[in-house]
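Comments concern the structure below.
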There are 2 protein chains.
Amino acid sequence: METVGRLAGVSQVTVSRALSDPSKVSPATLAKIQEAIAQTGFVPNALAGALASSKSMLISALVPSITNIVYSSMVKAFSEEMRGAGYQILLSETGFGPEDEEKLIAAHLSRRPDAMFLTGIHHSAQARRMLLGAEIPVAEVWDITDSPIDFCVGFNHAETGRAAAEYARRKGYPQAGVVSAGDERARRRSEAFAREWERIGGAPVAKMLFDAQASLANGRAGLRGLLAQGFTGGVVHCSSDLLAHGVLIEARAQGLDVPGQIAVIGFGDQDFAATVEPGITTVRVDMAAFGRAAAQAMLARLQGAGDGPSVIDLGFEIVERQSA
Amino acid sequence: METVGRLAGVSQVTVSRALSDPSKVSPATLAKIQEAIAQTGFVPNALAGALASSKSMLISALVPSITNIVYSSMVKAFSEEMRGAGYQILLSETGFGPEDEEKLIAAHLSRRPDAMFLTGIHHSAQARRMLLGAEIPVAEVWDITDSPIDFCVGFNHAETGRAAAEYARRKGYPQAGVVSAGDERARRRSEAFAREWERIGGAPVAKMLFDAQASLANGRAGLRGLLAQGFTGGVVHCSSDLLAHGVLIEARAQGLDVPGQIAVIGFGDQDFAATVEPGITTVRVDMAAFGRAAAQAMLARLQGAGDGPSVIDLGFEIVERQSA
DNA sequence: CTGTTAGCGCATTCAT
DNA sequence: ATGAATGCGCTAACAG
């Protein structure tokens, strides 16, 4: 800025002003400064700016996996919204489980983000302490709790399982099975389905619980596993649409009619759920909406507009298609 | 650090040393400092550190879309590798097209990243100038060119199309069609397929070129479009496995035999390509490998180990399955 | 092994 | 509308 200023015949402060609030500088000098910037190829140093102003315009975001469309579409919506307000996103993957998350949170906080986006509501005590100590807005997204660190945006996972169980019972399927991916929230949905199914009179539920992430291959293996357990037909509750699609493929490969012999309920309402044949009956949750809602609540806090609600439940809805 | 130092009975510098290189501090004071840190909940300010040392330990990464598994898996592999060396990733979406990319590059450079990860080889002149001016390692990934800004890691997109055409001709399919997504590289693959197919004696190629991203729905619409154009059967080259899967679904919905009436070639060898039925014949490119290779080359430059090769061609391979 | 002295490049007072 | 002075919290020499 010093150099640019000299070239424009003004001081460093004036250059700073021209950049942060052009209206505070006379049009004539503004023009000279802009020319000097163009000539020198000057790029302001945001590190120094952040240090001086203690506003980094940086938002930290931590998700379990960026290759998982559920999280990446949340982050996408979130960052588009935040970018509109001038913020950039420092994104990291935590994997599933709070161990490494703690180190990551520390690393992120050292960059003095203006706010933080976290996935889920389970964080180590130390992590909570650090977050509280940072005194910045913290969003916990994709799940809800009564005691968020700051605020949470999500829905009740167990409730989706119960709703699916009730739906399936109403349809009169003779048996039920679940196929579930390894993450904690997926398990909670599946467990809730099974428990509710049995509670309202269903026969004991066959289970295929994977440790790995959801994939088509696991969906196929899941149905094979259920059949091997003596599951002879009925409804299969899957912790994600991807698994549901895999079950569909395996059912067809085995010559089983869907939904006549095997009915399938997915989760997520990904775009392909409506496109495959038969269409997948599923639980719709609007991933992008979580990202947007988190961003809006965060921006409100960043702009000091009171604290707003601390629990934002966006709910879900069962979408009936042909698979169940 | 001042506060921590007072608590530990040492000066601020000693605290700095204890953090950056514990071996430069006596075990006794180190212990005292660590205790003081624990008591105060001190989190070092990486902004100040970066400003003072001109090493931000930050890597900028720009991808067209984070919800696209192709890019997100590249970034995933890249960031895992870079994180191992202590770097964090500042990630942004550029969308497709170099317009907004320029602004994003400027925004990223203002944070003084130690290096930059770019997708593709097409960047505005102004962007190139800024990047060159920043004097940092720049990786251009997922495509290759003879004149990278710094270095590139990718493969020849047109060549994949030509290889697919040759494969398809050898198989003797009577006609060919292409279904292509909107991005420039997808187009290049599709165009190369069509041109080569016709060059080596194939009949004129029917085309369905979408402006949008690939999706199952577009794959289905693509096959419908080809059939409407008078395509009566033969091979369909798709710019991605997702489109290929959509074509497969539509073919089945229309009662067309695969590969008897409709043969399908995809691109990418995503995990589902081997799982669906019939398995998708496709062009395998190892997304994670691009990320890793980019990271390794970047780390070498960051550690000043000469400049290394500036064009890293990781190639591709055709994977034959049942669909073609 | 530890402390002192200078900046890093800006934003933020307070002047003028 | 502009400038001078000060400090954000740290690292990098240089002493001792």
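These figures come from a predicted structure and were not determined experimentally. Here is how names work: the chains are called A, B, and so on, in the same order as the sequence lines, proteins then strands, and each is numbered from 1.
In this entry the distance linking CG of A/L19 with P of C/dT12 reads 13 Å, nearest Å. As a whole-Å value, the separation of A/I33 CD1 from D/dA1 P is 13 Å. The nearest whole Å value for the distance from the CD1 atom in B/I37 to the P atom in D/dG9 is 16 Å. In this structure, CG of A/L47 is placed 14 Å from C1' of D/dT11, rounded to the nearest angstrom. Atom pair A/R111:CZ and D/dC10:P shows a separation of 14 Å (rounding to whole Å applied). When the P atom of D/dA5 is taken as reference, atom CE of A/M1 falls 19 Å away, rounded to whole Å. When rounded to the nearest whole Å, the span between CG of B/L51 and P of D/dC10 equals 12 Å.
Side-chain contact between B/R187 and B/D183 is absent, with no heavy-atom pair separated by less than 4.5 Å.
Regarding contacts with the backbone of C/dC1, every side-chain N or O of B/S26 stays at 4.0 angstrom or more from both OP1 and OP2. Note on A/S54: every side-chain N or O is 4.0 Å or more away from OP1 and OP2 of D/dC8.
Donor-acceptor pairing under 3.5 Å, judged by distance alone, is present between the side chain of A/R17 and the base of D/dG3.
Within 4.0 Å (heavy atoms only), B/K24 reaches at least one base atom of the nucleic acid. Among the heavy atoms of the strands, none lies under 4.0 Å from A/S20. A/T14 comes within 4.0 angstrom of the backbone, heavy atoms only, and of no base. Using a 4.0 Å heavy-atom distance criterion, B/E2 is classed as making no nucleic acid contact. Base contact: A/V13 has a heavy atom under 4.0 Å from a base atom.
Among the nucleotides C/dC10, C/dG3, D/dT2, the one closest to the side chain of A/N45 is C/dC10. Distance from the side chain of B/S16 is smallest for D/dT11 among the nucleotides D/dG9, D/dT11, D/dG3. Looking at the side chain of B/T29, the nearest of the listed nucleotides C/dC10, C/dT2, C/dC8 is C/dT2.
Annotation: of the two residues near DNA chain C, B/S23 and B/S53, the 5′-most nearest-nucleotide partner is B/S23. Annotation: of the two residues near DNA chain D, A/Q12 and A/V25, the 5′-most nearest-nucleotide partner is A/V25.
You'll find the ring centres of B/F155 and B/F290 inside the 6.0 Å limit.
The side-chain contact (heavy atoms from CB on, under 4.5 Å) test with B/I144 is passed by exactly one of B/V153, B/I312, B/D313: B/D313. Across A/E101, A/R129, A/E102, A/R128, a single residue satisfies side chain to side chain donor-acceptor pair (under 3.5 Å) together with A/H123, and that is A/E101.
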Audit row: B/W142, B/I121, side-chain contact (heavy atoms from CB on, under 4.5 Å) steps and yes/no: CA-CA 8 Å; B/W142 193 238; B/I121 53 173; over 6 Å; no
